[in-house]
Peer 1: 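I'd like to ask you about the structure that follows.
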Amino acid sequence: MRTMQKRRLNKGGRGSEITFELDGKPCVAYEGETIAAAMLAGGIRSFRLSPKLHQPRSFFCGTGACFDCMVTVNGVHNVRSCMTDVKAGMRVDTGISVGKGDENEKR
Amino acid sequence: MRSVEVVVVGAGPAGLSAAIAAAEAGAKVLVIDENRQAGGQIYQQPPQQFSPSPGKHSLDHDLIKVKKLLEHAVSLPIEFLTDAMVWGIFDGRHIAVMVADKGQDIWAERLVLAPEPYERPIPFPGWTLPGVMGGVGVQRMVNQQWVIPGQRLLFVGAGPLQLAVAAQVLKNGADVVGIADAAPSSPSWPRFPQMRGEDILWQRARYSWNMMKRRVPLIRSHAILRADGNGQVERAVTADVDRNWHPIPGTERTWEVDTLCVSYGFISSVELAGLAECKINYVPAWDSWVPEHDNDMRTSVPGIFVAGDGAGVGGVIVAADEGRIAGANAALELGYGSNQPTHPASSSYQRLRVLSRFRAVLDGIWQFRPGLYDIIDDDTLVCRCEEITYKRLKEAIADGAEDLNQVRSWTQAGMGLCQGRYCQTHLAYLLAAARGRPVEMAGTFTARPPVKPVPIDILTSEE
C-alpha cells in the first residue's frame, strides 16, 4: 500500500494543508491533525525532556491520560500534543524540560 | 449555576445508552465528553476535516452498534458538550467543567458516570523510552489520524485488542515483527455464540488473527521484559512466562524494533466516583478498583449512577446495557417513564444476567496475573511523571509507609501530572507484597479536584 508521505496513510482526503513552526522550522500538517500525529508522521521521537533526569519522552498513552507527550505551544508549556490540534502558524517547541522551578532548558 | 435533569459524563456506548434511555423517558439530558467527538474509545472517527475514501476502513464496519447509538442519540433532544473536561464534583452533584479553557458549573439532578477505562500500566525497564506506546494510542493514531507511529512494531500484551491493532498496522504497510500474548491459549471461539455474535472486540480479534496468522508469529505465554535503546526504543526483550506470568529464565528473545505496543488490559477510571465520595471497592478478579453499585447501577451516593467500563471493564455490550439501566433509573427517579407497564430497561437487565456468565469466563482467560509486576529493576521509573525509581519506593516501604497516600507524600510518587493513573496499581502491588497482605490494603490515592490538571484561570472564570 502506498503512503502519501513518510508515515501518513492514504485513506482519503485530509483537511487543508497548513504550515506550522516546529522547533523554529516550517513544517507541513493538515487541518484536523493533532500535534502528536504531525510529529509522529515526520518521524520525530523525542517530544520533551523529563524535568529531573532530562530523558526523552514521547507519545505514550495517546488518550490524554499520561501527560508524557507534552510540548510547548505558542510559549505555553505542558500542552498535551495528542489532544491538541495543529493550527496554521502555531509555534511548537519540543525538548523542553519544565518543572521543579527550573527555567526552560533546551537540549 | 445552571441545573440539568440528567448529566451523563462520557459519550461512549455506556454514556450514549444512558442518555438515550433518559431522553426517551422524557428527561432533559446533557452529555459531557473530553474528546472532540462523541462515540468513546472504541469508536474512533477521523477528524471532521478529513474525508475518508469509501472502502478503506473495513475493520471499522464492526463498530455498527456504536455508530447506531450515536446516530440515535443525536436524533433526540440531547445536549452534547464535547472537548469538555469534568475536573471536579462538589457538594454532591455540582459538576465543574472546563470548556475551551473556561470554567462552567452545572448542578446535576441526576448524574451518570460513564468514563472510559485506561490501559493497565506495566512498568518495565525502558518503558519511558520514546517508541513505547499503549495499544489504544496506536489504534487511535492509525484510525483517527491516519498515521502509522513507527515502522517495525512488536506487540506485547494480553487480550483481544492487540490482535486488532496489529492487523490494522500490518494492513497499512508497517512491519509487525511479532505478537506476544501472556495468556496460554486463545479461547475457542465456538464456545461463546452470544459473545461471538455481538462483541465487537471479539469479532475483530478473530478476523485479525485469521488475517495475520501466516505472516506474523504469535507467541503465547510470552511477555515483555524490557526495552533498550539510545534515546528511543531500538530493541525489545521478551520471555516465556508461567501461568502466573512470571518470566522463565533462559527463554529470552530480542527483537529489533522502533515501536513497542503494549496492551495488558484495562482498568476502570474511578477518579470522578471517588471525588463524588462514592464507595469504591477492589475487585480481585479484575485487579481493579470499581465503584460499588447495585443491579440498578446506583452507587453508594444518592442520585449518582455508574455504567460501562467505569463500573468494571466489560466491553461494549455490557456497557450499552448498563447505560440503559442507569439512564432509565435516573429518569424514573425524576418521575419520567413511570407510566410504563414494565421497566423501560427490562431487556437490558435480562441480557446482563446472561452475559455475566460469559463475562466470568472471559475474565478468567485474560485475567491479569501479577508475575509481570516483578520485571522491574531498581532503576525502573515506577512513577513516570515524578521519575521515582523502584529503589526509592523500596526505601519508603521499608521505612514503614502504611498505604498509598503515605507512599505518595513521602516519595512524591503519584503527585505528577498523570495524578497517579500510571503508577497507582503497581505501587499498591509493591506495598501489599512487601507487607504480605492483599492488594486492597494499599487503598487508592485520595481523589482531589482537579481530577486532571487545569489552568488556574478557570477557577476564577465562572459562567
Side-chain angles (χ1 to χ4, degrees), chain A residues 1-16 18 29-70 76 78-80 82-86 99-100, chain B residues 34-36 41 46-54 56-57 83 85 116 118-119 121 127-151 171-174 231-233 258 262 269 381 384-387 416-419 421-422 452-453 455:
Chain A
M1 168 170 280
R2 278 193 311 131
T3 56
M4 200 154 74
Q5 285 170 35
K6 188 169 166 166
R7 288 201 191 119
R8 284 189 169 93
L9 298 170
N10 187 6
K11 285 178 165 243
R14 286 175 161 78
S16 16
I18 52 180
Y30 298 87
E31 284 214 337
E33 284 187 333
T34 58
I35 299 173
M39 288 169 68
L40 287 173
I44 293 173
R45 279 289 152 127
S46 174
F47 285 21
R48 71 177 177 110
L49 297 181
S50 62
K52 201 161 76 179
L53 302 173
H54 299 299
Q55 292 172 343
R57 296 292 182 93
S58 188
F59 179 90
F60 176 60
C61 79
T63 59
C66 77
F67 285 80
D68 241 337
C69 67
M70 302 187 296
V76 177
N78 297 345
V79 175
R80 291 173 294 176
C82 72
M83 297 291 274
T84 311
D85 285 0
V86 184
K100 303 208 179 305
Chain B
E34 193 185 350
N35 294 297
R36 188 191 310 130
Q41 207 175 74
Q48 272 148 4
Q49 298 93 331
F50 286 19
S51 350
S53 310
K56 293 222 174 195
H57 310 276
D83 261 328
M85 190 220 290
E116 66 178 24
Y118 56 103
E119 290 194 280
W127 75 312
T128 54
L129 282 170
V132 178
M133 301 177 187
V136 172
V138 173
Q139 193 181 42
R140 277 160 76 133
M141 189 52 67
V142 173
N143 277 352
Q144 279 182 320
Q145 297 286 308
W146 300 350
V147 169
I148 293 270
Q151 281 306 125
K171 199 166 178 283
N172 283 297
Q232 58 181 312
V233 171
D258 64 10
V262 185
S269 167
L381 301 179
R384 300 170 63 99
C385 300
E386 293 297 311
E387 305 173 81
L417 292 177
C418 90
Q419 299 185 215
R421 286 174 177 84
Y422 283 84
K452 278 188 183 172

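What you see below is based on every heavy atom in this structure, not just the backbone, and it leaves out hydrogens, waters and symmetry mates. Just so it is clear, the model here is predicted, and its values are computed rather than measured. A, B, ... follow the sequence lines: proteins, then strands. Residue 1 opens every chain.
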Peer 1: Under a 4.5 Å heavy-atom cutoff, which of B:Cys385, B:Ala174, B:Pro149, B:Gly134 has the most pairs with chain A?
Peer 2: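 Counting heavy-atom pairs under 4.5 Å, the top option is B:Pro149.
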Peer 1: If you round to the nearest 0.5 Å, how far is OG1 of A:Thr34 from CZ of B:Arg140?
Peer 2: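 Result: 9.5 Å between the selected atoms.
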Peer 1: Less than 4.5 Å apart, side chain to side chain, heavy atoms only: is that true for B:Phe50 and A:Glu31?
Peer 2: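 The answer is no; the side chains never approach within 4.5 Å.
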Peer 1: Quick check: B:Tyr422 with A:Phe60 (ring centres under 6.0 Å apart)?
Peer 2: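 Yes: the rings meet the under 6.0 Å criterion.
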Peer 1: Within the structure provided, determine whether B:Met141 and A:Phe59 are in side-chain contact (heavy-atom separation under 4.5 Å).
Peer 2: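 Yes. Closest side-chain heavy atoms under 4.5 Å.
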Peer 1: For the side chain of B:Glu387 and the backbone of A:Lys52, is there at least one donor-acceptor N/O pair under 3.5 Å apart?
Peer 2: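 At least one qualifying donor-acceptor pair exists.
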Peer 1: Where on A:Ala38 is there a heavy atom nearer than 4.5 Å to chain B: the side chain, the backbone, both, or neither?
Peer 2: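 For A:Ala38, neither part sits under 4.5 Å from chain B.
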Peer 1: Indicate the atoms forming the closest heavy-atom contact of B:Leu381 with A:Gln55, along with that distance.
Peer 2: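 Smallest interatomic distance, heavy atoms only, reads CD1-OE1, 3.6 Å.
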Peer 1: Got a second to check how far A:Lys11's NZ is from B:Asn143's CG, nearest 0.5 Å?
Peer 2: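 Interatomic distance, A:Lys11 NZ to B:Asn143 CG, rounded to 0.5 Å: 5.5 Å.
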Peer 1: Do you know which of B:Gly135, B:Gly150, B:Pro121, B:Pro455 has the most heavy-atom pairs with chain A at a distance under 4.5 angstrom?
Peer 2: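 That would be B:Gly150.
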Peer 1: By a 4.5 Å heavy-atom criterion (distance strictly below it), what part of B:Asp83 contacts chain A: side chain, backbone, both, or neither?
Peer 2: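 For B:Asp83, neither part sits under 4.5 Å from chain A.
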Peer 1: Indicate yes or no: at least one non-hydrogen side-chain atom of B:Val142 is less than 4.5 angstrom from one of A:Leu9.
Peer 2: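 Yes, their side chains come closer than 4.5 Å.
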Peer 1: For the candidates B:Gly416, B:Pro453, B:Ser269, which exhibits the highest count of non-hydrogen atom pairs separated by less than 4.5 Å from chain A?
Peer 2: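 Maximum pair count with chain A is reached by B:Pro453.
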Peer 1: Looking only at heavy atoms and a cut-off of under 4.5 Å, which of A:Cys66, A:Ser58, A:Cys69 has the most pairs with chain B?
Peer 2: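 Most pairs with chain B among the choices: A:Cys66.
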Peer 1: Counting heavy-atom pairs under 4.5 Å to chain B, which of A:Ala37, A:Gly64, A:Ser46, A:Gly62 comes out on top?
Peer 2: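 That would be A:Ala37.
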Peer 1: Does any backbone or side-chain atom of B:Val262 lie under 4.5 Å from a heavy atom of chain A? Answer side chain, backbone, both or neither.
Peer 2: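 No part of B:Val262 comes within 4.5 Å of chain A.
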Peer 1: With the side chain counted from C-beta on, respond yes when A:Leu40 and B:Gln145 share a heavy-atom pair under 4.5 Å apart, and no when they do not.
Peer 2: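 The answer is no; the side chains never approach within 4.5 Å.
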Peer 1: Less than 4.5 Å to any heavy atom of chain A: does that hold for the side chain of B:Gln144, its backbone, both, or neither?
Peer 2: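 No part of it gets close to chain A.
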Peer 1: Check step by step if side chain to side chain contact (heavy atoms under 4.5 Å, CB included) holds for A:Arg45 and B:Leu129.
Peer 2: CA-CA 9 Å; A:Arg45 279 289 152 127; B:Leu129 282 170; over 6 Å; no
Peer 1: In terms of heavy-atom pairs under 4.5 Å, which option from B:Arg36, B:Glu119, B:Arg421, B:Gln48 contacts chain A the most?
Peer 2: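 Of the candidates given, the most pairs with chain A belong to B:Arg36.
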Peer 1: Report yes or no: does A:Arg14 contribute a side-chain atom to a donor-acceptor pair with the main-chain N or O of B:Trp146 at less than 3.5 Å?
Peer 2: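 Yes.
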Peer 1: Which pair of heavy atoms, one from B:Cys418 and one from A:Ala65, lies closest together, and at what distance?
Peer 2: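 For B:Cys418 versus A:Ala65, the nearest heavy atoms are CB-O, 3.5 Å.
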Peer 1: Does some side-chain heavy atom of A:Met70 sit less than 4.5 Å from a side-chain heavy atom of B:Leu417?
Peer 2: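 Side chain of B:Leu417 against side chain of A:Met70, heavy atoms only: contact under 4.5 Å found.
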Peer 1: With only heavy atoms counted, which part of A:Met83 is less than 4.5 Å from chain B, the side chain, the backbone, both or neither?
Peer 2: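 Only the side chain of A:Met83 comes within 4.5 Å of chain B.
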Peer 1: Roughly how far, to the nearest 0.5 Å, is CD of B:Gln49 from CD of A:Glu33?
Peer 2: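 Between A:Glu33 CD and B:Gln49 CD, I get 10.0 Å after rounding to 0.5 Å.
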Peer 1: Going by salt bridge (charged side-chain N to carboxylate O under 4.0 Å, His left out), name the pairs with one or both residues in residues 57-70 of chain A, residues two or more places apart or in two chains.
Peer 2: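 Of all non-adjacent pairs touching residues 57-70 of chain A, those that pass salt bridge (charged side-chain N to carboxylate O under 4.0 Å, His left out) are A:Arg48-A:Asp68, A:Arg57-A:Asp68, A:Asp68-B:Arg384.
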Peer 1: Would you say A:Cys61 and B:Tyr118 make side-chain contact, with heavy atoms under 4.5 Å?
Peer 2: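 A:Cys61 vs B:Tyr118: side chains apart.
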Peer 1: Applying side chain to side chain donor-acceptor pair (under 3.5 Å), name anything that partners B:Glu34, two or more places apart in sequence or on another chain.
Peer 2: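 So B:Glu34 forms a side chain to side chain donor-acceptor pair (under 3.5 Å) with A:Arg80, B:Lys452.
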